[in-house]
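So the structure is just underneath, and the comments pick up after that.
Treat the numbers as computed from the prediction; the structure is a model and nothing was measured. In this chain, numbering begins with 1 at the start of the sequence shown.
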Amino acid sequence: MTVIIIEDELPSSRRLERMLSDFNYDIVTTLVSVKSAIKWLKTHPHPDILFLDIQLSDGLCFEIFKAVDVKSAIVFTTAFSEYSIKAFDYNSISYLLKPIQKTQLQKAIEKANRFYKNEKELSILKKAIENHRLSVFKNKFAVKVGKRIKLVSVDGIECFFSLDNATYLRTNTFNYIVDSSLTMLDGELNPSLFFQTSRKFIVNINAIKDIISLPNSRLRLILQSYTEFEVIVSRDRVKAFKEWIDN
């Protein structure tokens, strides 16, 4: 069975390639953008299955369907949150939630083989996404390191913080400047992973090493490596924070 992967995140693409190889699928090519996918699909036979990331570097994948009559079975891959995934529950739409697991991959392939693309359901899904009833969360940041640009996965970010009118992200070793305010980031990050504790900090739940109660009903967080300033959960956010860590 022939397969094409359209995915702009190299780690995700390679992970999917490895799993598909274990199933003995023939990976014809991997593509990284709407533009490259349209060009390739217009000039080559279509594969049996198309693994297609919803949000590519140059736009939503639905632009591909406007330009090409795709003949392949489709499996969408997505970083949408668990609570938003209900929009994909149509008979003819198969999806994989990142990070992709092998058991889910096998089920998605079986479903893709049973059903064909339904234009009406794809139209409904596209409309739901474009109307922002679903949120596409950022999963990486491009940061400058000297003259180079480095991609930092959100999984490796302990926190974001503001200092001297600039916003930084913190990995376990370095601080990097990002071109967003904390307010903007709060709407772009997966709320199951990140929480804005105050006007100064957004923290990753997986980076919290300890939680200490303070006077005035506040909390202090101890992170894995960040120690430059105290990370405080302000009093008005303590209740929401406790609910967040309990979920």
To the nearest 0.5 Å, tell me how far [X] [atom1] sits from [Y] [atom2].
X	Y	atom1	atom2	result
Arg235	Ser198	CZ	OG	14.0 Å
Lys39	Leu41	NZ	CG	12.5 Å
Ile5	Glu17	CD1	CD	4.5 Å
Ile202	Thr197	CD1	OG1	8.5 Å
Asp53	Leu16	CG	CG	10.5 Å
Leu169	Asn204	CG	CG	11.5 Å

side-chain contact (heavy atoms from CB on, under 4.5 Å) between Leu52 and Ile64, worked out
CA-CA 10 Å; Leu52 184 56; Ile64 297 170; 3.8 Å; yes
Would a 4.5 Å heavy-atom cut-off, applied to side chains only, mark [X] and [Y] as touching?
X	Y	value
Ile6	Val32	no
Arg199	Leu182	no
Ile208	Ile222	no

Before giving the answer on side-chain contact (heavy atoms from CB on, under 4.5 Å), spell out for Val178 and Lys144 the whole-Å C-alpha distance, their side-chain angles and the decisive distance to 0.1 Å.
CA-CA 9 Å; Val178 293; Lys144 288 184 178 181; over 6 Å; no
Do Lys150 and Tyr176 have side-chain atoms, one donor and one acceptor, less than 3.5 Å apart?
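Checked: Lys150/Tyr176 side chains pair up, N/O donor to acceptor below 3.5 Å.
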Less than 3.5 Å apart, any donor N or O on the side chain of Asp48 or Thr2 sitting next to an acceptor on the other?
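Yes, because at least one side-chain N or O of Asp48 sits under 3.5 Å from a partner of the opposite role on Thr2.
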Would a distance-only check, ignoring hydrogens and angles, find a side-chain to backbone donor-acceptor pair under 3.5 Å from Thr171 to Gly156?
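No; zero donor-acceptor contacts below 3.5 Å.
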Examine distances only and state if a side-chain atom of Glu7 and a backbone atom of Glu9 form a donor-acceptor pair shorter than 3.5 Å.
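At least one qualifying donor-acceptor pair exists.
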Determine whether more than 12 heavy atoms belonging to other residues, nucleotides or ligands lie under 6.0 Å from atom [atom1] of [X].
X	atom1	answer
Phe174	CZ	no
Ile212	CD1	yes
Lys35	NZ	no

Glu63 bridged to Lys66 by N-O distance under 4.0 Å:
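Result for this pair is yes, salt bridge flagged.
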With clusters defined by side-chain heavy atoms of hydrophobic residues (ILVMFWY) lying less than 4.5 Å apart, directly or transitively, does [Y] cluster with [X]?
X	Y	value
Ile177	Leu189	yes
Leu56	Leu10	no
Val154	Leu151	no
Val203	Ile232	no
Phe194	Ile211	yes

Closest heavy-atom pair and its distance - [X], [Y]:
X	Y	answer
Ser72	Pro47	OG-O, 2.7 Å
Ser217	Val238	O-CG2, 3.1 Å
Tyr168	Leu163	CE1-O, 3.8 Å
Cys61	Phe76	SG-CE2, 3.7 Å

Could you list the residues that satisfy side-chain contact (heavy atoms from CB on, under 4.5 Å) with Arg148, not counting sequence neighbours?
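Scan of Arg148 (side-chain contact (heavy atoms from CB on, under 4.5 Å), adjacent residues dropped) gives none.
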Could you pull out all residues at least two apart from Lys147 that satisfy side-chain contact (heavy atoms from CB on, under 4.5 Å)?
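Lys147: no side-chain contact (heavy atoms from CB on, under 4.5 Å) contacts found.
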With sequence neighbours excluded, what pairs up with Thr167 under the side-chain hydrogen bond (donor to acceptor under 3.5 Å, both in side chains) test?
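Testing Thr167 for side-chain hydrogen bond (donor to acceptor under 3.5 Å, both in side chains), a comparison that skips the adjacent residues, returns none.
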Mind telling me whether Phe161 and Tyr226 have parallel, tilted or perpendicular rings, with 30° and 60° as the class edges?
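Ring orientation of Tyr226 relative to Phe161: tilted.
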Would you list the pairs meeting salt bridge (charged side-chain N to carboxylate O under 4.0 Å, His left out) in which at least one residue belongs to residues 155-182, sequence neighbours left out?
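Non-adjacent pairs meeting salt bridge (charged side-chain N to carboxylate O under 4.0 Å, His left out): Arg170-Glu228.
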Pairs touching residues 202-220 that satisfy salt bridge (charged side-chain N to carboxylate O under 4.0 Å, His left out), sequence neighbours left out
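Applying salt bridge (charged side-chain N to carboxylate O under 4.0 Å, His left out) to every pair that reaches into residues 202-220, excluding sequence neighbours, yields Arg220-Glu230.
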Apply side-chain contact (heavy atoms from CB on, under 4.5 Å) to Leu223 and Cys159, showing your working.
CA-CA 9 Å; Leu223 303 185; Cys159 67; 3.9 Å; yes
Can you pull out every ring pair (Phe, Tyr, Trp, His ring centres under 6.0 Å) where at least one residue sits in residues 31-59? Sequence neighbours excluded, please.
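Found Trp40-His44.
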Residue pair Asp26, Val3: steps toward the side-chain contact (heavy atoms from CB on, under 4.5 Å) verdict
CA-CA 6 Å; Asp26 178 16; Val3 167; over 6 Å; no
Is the gap between the ring centers of Phe160 and Phe201 under 6.0 Å?
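Between Phe160 and Phe201, the centre distance exceeds or equals 6.0 Å.
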